[in-house]
K.L.:
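Quick one: the structure is below, questions incoming.
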Amino acid sequence: WYQRRVRGLCCAVTEDPYNNIPAMKKLRNYCATEDSKAGQTVRKLAIISLTAVYNDILPSYFVKPSKELESLSKEVKAQHSYETDLLRNYRVFLDLLFENLNLAFQMKKRKQNFHPKLRRLDGIWVSCH
């Protein structure tokens, strides 16, 4: 069930990212799921899928912060708002990846065993980075 749900959300975002920004939050929630072994599989799938989605839809140009929004046209304001939301979602996703990656490295540095939640995910964090 989760595989179809993740696939559907990814397809929706890739096909129309402008109108499907909320679907990225749902995908990010799957990246943070912590229940059972099935949860770990869903988490891996969501991390890899969301990485691919961001790779497809992030703009290849620099998005400038706009201080004079009042002077912009309605279309430019809407585009700027979309780009800002997209980059904000991407930043939260990267924070999630780095937080877990740092935790895994700290545990490895202290020669502790990985927490069961991270043991199955340690390779995913590195490969997404």
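The figures here come from the full heavy-atom set of this structure, side chains too, leaving out hydrogens, waters and symmetry mates. If you read the sequence from its start, that first residue is 1, and numbering goes on from there.
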K.L.:
Closest approach of Cys10 and Ser49, non-hydrogen atoms and distance?
P.N.:
SG-CB, 3.4 Å
K.L.:
How long is the gap from NZ on Lys77 to NE2 on His80, to the nearest 0.5 Å?
P.N.:
11.5 Å
K.L.:
Is there a side-chain contact between Leu87 and Leu58 in this structure, where contact means two heavy atoms from C-beta onward sitting under 4.5 Å apart?
P.N.:
yes
K.L.:
Count I, L, V, M, F, W, Y as connected when their side-chain heavy atoms are under 4.5 Å apart, and connections chain through other members. Are Val92 and Ile48 then in the same cluster?
P.N.:
no
K.L.:
Drop me the distance from Leu96's CG to Arg28's CZ, to the nearest 0.5 angstrom.
P.N.:
8.5 Å
K.L.:
Should Pro17 and Tyr82 count as side-chain neighbours, where that means a heavy-atom distance under 4.5 Å?
P.N.:
yes
K.L.:
Does Asn55 reach the main-chain N or O of Thr51 with its side chain, forming a donor-acceptor pair under 3.5 Å?
P.N.:
no
K.L.:
Is the closest side-chain heavy-atom distance between Ile57 and Val53 below 4.5 Å?
P.N.:
yes
K.L.:
Mind running side-chain contact (heavy atoms from CB on, under 4.5 Å) on Ile47 and Tyr30 for me, showing each step along the way?
P.N.:
CA-CA 8 Å; Ile47 290 166; Tyr30 288 143; over 6 Å; no
K.L.:
If you look only at distance, which donor and acceptor atoms sit under 3.5 Å apart when one is on a side chain in residues 19-26 and the other is two or more places apart or in another chain?
P.N.:
residue: Asn19; atom: ND2; partner: Asp16; partner atom: OD2; Å: 2.8
residue: Asn20; atom: ND2; partner: Ala12; partner atom: O; Å: 2.8
residue: Asn20; atom: ND2; partner: Asp16; partner atom: O; Å: 3.0

K.L.:
Tell me every residue that passes ring pair (Phe, Tyr, Trp, His ring centres under 6.0 Å) with Tyr54, counting only those two or more places apart in sequence or in another chain.
P.N.:
Tyr90, Phe93
K.L.:
Can you list the steps and then say if Thr84 with Arg88 is a side-chain contact (heavy atoms from CB on, under 4.5 Å)?
P.N.:
CA-CA 6 Å; Thr84 303; Arg88 188 178 308 116; 3.3 Å; yes
K.L.:
Can you tell me how far the CG atom of Leu27 sits from the CZ atom of Arg5, to the nearest 0.5 Å?
P.N.:
8.5 Å
K.L.:
Hey, mind stepping through Glu83 and Gln79 against side-chain hydrogen bond (donor to acceptor under 3.5 Å, both in side chains) and telling me if it holds?
P.N.:
CA-CA 6 Å; Glu83 289 170 345; Gln79 181 68 24; 3.1 Å; yes
